[in-house]
Amino acid sequence: MADTATSEPPRDFIRDIVQADVDAGRVTGVVTRFPPEPNGFLHLGHAKSICLNFGVAREFGGKCHLRFDDTNPVKEEQAFIDAIQRDVKWLGFDWGDNLFHASDYFEQLYAWAEHLIEGGFAYVDDTPPEQMRAQRGTLTEPGQNSPFRYRSVEENQALFRDMRAGKFPNGARVLRAKIDMASGNMNLRDPVLYRILHATHPRTGDAWCIYPTYDFAHGQSDAIEGITHSVCTLEFEDHKPLYDWLIEHLPVPARPRQYEFARLNITYTVLSKRILTTLVRDGHVSGWDDPRMPTLAGIRRRGVPAAALREFVGRVGVARANSTVDVQMFDAAVRDTLNPSAPRRMAVLRPLKLIIENYPEGQTETLEAINHPDVPEQGTRPITFSRELYVEQDDFMENPPRKFYRLSPGKEVRLRYGYYVTCRSVEKDADGNVVALRCTYDPETKGGNAPPDGRKVQATLHWLSAADAVPAEIRLYSHLFNRPDPGADGDVMADLAPDSLEVLTGCFVEPALASAAVGEAVQFERTGYFCADPDGTAERPVFNRTVGLRDSYAKAKG
RNA sequence: UGGGGUGUCGCCAAGCGGUAAGGCAACGGAUUUUGAUUCCGUCAUACGGAGGUUCGAUCCCUCCCACCCCAGCCA
């Protein structure tokens, strides 16, 4: 069987684990979760996690919760909560009624903190942050016990309640788990469970001034929701002993298990929320949805369909080895999903006037263009042919090299769906720039068909009737960073590509494109996949280049 | 000189003791009114290294090397 990667169900070690648990009856139903922190927009890395978590749930007939890990109000915003939901839906996943927030559990979490205190497993520490860091030891030296580690249960209870009551300023005290200051695992050196944060939470408002840390919220939230497989990225592996310790020391309703996979890295791309936030904040891009951004919002605006993202994620796979995927793999997935369905149209990005000397002035005729070469059901559309046309500047060379198949003085080419034309002479301006091509056409080649004498032509060009073409702006995007490993030398911003956005203003497109729906993919023949941008209007549409076509000529040329 | 991970083709990634899937890229060639698509074909005697166990090891053992993560009251 020559099954493709897309037709066979994805297989990876996570799915193997889930399958084994199901087969062994260890779980009765599969429940996963996607737990974003609402402090930024979702990006390609999140797409991998979303596809994994929702994908596993779907494949095993289980469910996947969308849970906001909103434990740090100083960084989180409602706007991000909204954007994240929009993006997950767009990617094609549905959490149904299973929308949760760690903040939904604040009261329960608080009660469990008291439970730990009662059992002598947690204590309130007055040590200032800097000193606590010094006491934590180093990677090779054990830490020191805090002098507050031996407080009585009663004192801890009173202090913790006072913390909740808002009697202390930020940073004055924290609640810590009493584990082992000498552990080789730094996360077990009496980790902080609660800190004082006098901040307004997007959901709980000012109800709280103490907030649980990630470690104290995540595993318990998983337990509360009955998550069976808590899948996260590799950097949380060190946290698993703490995750398990808390689960074991608390009367939680379930026993979730954590599994880790390697996060996604892509060449010429940065997938760090911190850096993406900086790009937006400092105006290096137009916003979170700038088409150059690796955010789902940016990618969507650029014209990439959700299906392409899913395809890409599926091709990348899931494993535990750190890796960096070639960005070309992403482009390939986009082309592969767009090619079978995107309607073909013609657009001239950098126009060059072409005048057909033997075509009657004022005459015009309607030709038929095929909408998709492989999908006849997409039908045809009428296009207007006339004496004055526009062709692409790149399609003409006055002194062409050997392998240049396109137009040059004396050369004949086919105008797609039109006629064969031969370049007879060139018009130049005072500076010697070619401003127009004077050609003749062969009436016997209508529709682009070969003439009776069987003459062959080396190239077929796209074109537009000058009088009918609609002016448009076309935006070409390239990698935001100019090296495959941005930041490898220390300063990521120094690797920002200065020319990642190229705005073409003198472009022309087919009249039909003036009403193209925003975001809907079309292929501009011979140049790439594009989609209308919301910035455009019917009079002056704006198009984004989603991805170019593969170009073996450009490659051979170097 | 701590703890936890990972090392299979240029980039991802299968493989779970029986003699190296697949995708991307690359390179040939066919078809082509997109130098696109499609289509054929080529592309790891080899699995970080060295030993060992075994009839047989990428898969088991030992040692070594390289790289990644951890010293936030971030997640």
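Each chain gets a letter, A, B and so on, in the order its sequence line appears, and its residues count up from 1.
Between A:Arg263 and B:A75 there is no side-chain polar atom (N or O) within less than 4.0 angstrom of OP1 or OP2. A sub-4.0 Å separation between OP1 or OP2 of B:G72 and a side-chain N or O of A:Arg133 is present.
Which of B:U34, B:A75, B:C12 sits closest to the side chain of A:Glu37 comes down to B:A75. Residue A:Tyr553 has its side chain nearest to B:G35 when only B:C69, B:G35, B:U37 are considered. Comparing B:A25, B:A75, B:A36 by their closest approach to the side chain of A:Gln328 singles out B:A25. You'll find that the side chain of A:Asn339 is closest to B:U37, out of B:G5, B:U37, B:G35. Residue A:Ala319 places its side chain closer to B:A13 than to any other of B:A13, B:A75, B:C12. Checked against B:U34, B:C12, B:G5, the side chain of A:Leu234 finds its nearest nucleotide in B:G5. Distance from the side chain of A:Arg550 is smallest for B:A25 among the nucleotides B:A75, B:A25, B:G72. Comparing atom distances between the A:Ala321 side chain and each of B:C27, B:U34, B:G7 picks out B:G7 as nearest. Looking at the side chain of A:Leu139, the nearest of the listed nucleotides B:A75, B:C70, B:C24 is B:C70. Checked against B:G72, B:A26, B:C12, the side chain of A:Arg136 finds its nearest nucleotide in B:G72.
In this structure, A:Glu141 atom CD and B:G2 atom P are separated by 12 Å, rounded to whole Å. Between the P atom of B:G35 and the CG atom of A:Leu549 lies a distance of 9 Å, rounded to the nearest Å. One can place CG of A:Asp374 at 11 Å from C1' of B:U34, the figure rounded to the nearest angstrom. Taking atom CH2 of A:Trp245 as the reference point, atom C1' of B:G4 lies 20 Å away to the nearest angstrom. We find that NE2 of A:His462 is positioned 15 Å from P of B:A36, with the value rounded to whole Å.
Base pairing annotation: B:G17 forms no Watson-Crick or G-U wobble pair, as no partner gives both donor-acceptor distances under 3.5 Å. Base pairing analysis places B:A66 opposite B:U6; the two distances defining the Watson-Crick or G-U wobble pair are each below 3.5 Å. If you check B:U1 for Watson-Crick or wobble pairing at under 3.5 angstrom, you find it has no partner at all.
Nucleotides B:G23 and B:A14, compared at atom C1', are 11 Å apart to the nearest Å. Only the C1' atoms considered, B:A46 is 39 Å distant from B:U32, to the nearest whole Å. Of the P atoms belonging to B:A44 and B:C60, the separation is 25 Å, rounded to the nearest Å. The gap from the C1' atom of B:C43 to that of B:A25 amounts to 11 Å, rounded to the nearest Å. A distance of about 28 Å separates the C1' atoms of B:G28 and B:C47, rounded to the whole Å.
Note on A:Arg33 versus A:Glu225: no salt bridge recorded, every NZ/NE/NH1/NH2 to OD/OE distance being 4.0 Å or above.
Residues that satisfy the side chain to side chain donor-acceptor pair (under 3.5 Å) test with A:Arg161, not counting sequence neighbours, are A:Glu114. With sequence neighbours excluded, the residues satisfying side chain to side chain contact (heavy atoms under 4.5 Å, CB included) with A:Asn185 are A:Ser183, A:Asn187, A:Leu188, A:Asp238, A:Pro241.
A side chain to side chain donor-acceptor pair (under 3.5 Å) with A:Asp70 is found for one member of A:Gln78, A:His101, A:Lys75, A:His201 and no other, namely A:His201.
Using a 4.0 Å heavy-atom cutoff across all strands shown, A:Pro128 reaches at least one base atom of the nucleic acid. Contacts of A:Pro35 with the nucleic acid, taken as non-hydrogen atoms under 4.0 Å apart, are absent.
Comparing A:Asp326 and A:Asn449, the nucleotide of RNA chain B nearest to each residue sits closer to the 5' end for A:Asp326. For the pair A:Phe330 and A:Lys75, both in contact range of RNA chain B, the more 5′-proximal nearest nucleotide belongs to A:Phe330.
Residues A:Lys240 and A:Ser230 are not in side-chain contact: their nearest non-hydrogen atoms beyond the backbone lie 4.5 Å or more apart.
Side-chain N/O atoms of A:His239 and base N/O atoms of B:A75 include a donor-acceptor pair closer than 3.5 Å. Between the base of B:G3 and the side chain of A:Asp238 there is a donor-acceptor pair shorter than 3.5 Å. The base of B:U6 is not paired with the side chain of A:Arg320 by any donor and acceptor separated by under 3.5 Å.
Taking the six-membered ring for Trp and the full ring otherwise, the centers of A:Tyr441 and A:Tyr419 sit less than 6.0 Å from each other. Ring to ring, A:Tyr405 and A:Tyr553 are not that close: their centroids are 6.0 angstrom or more apart.
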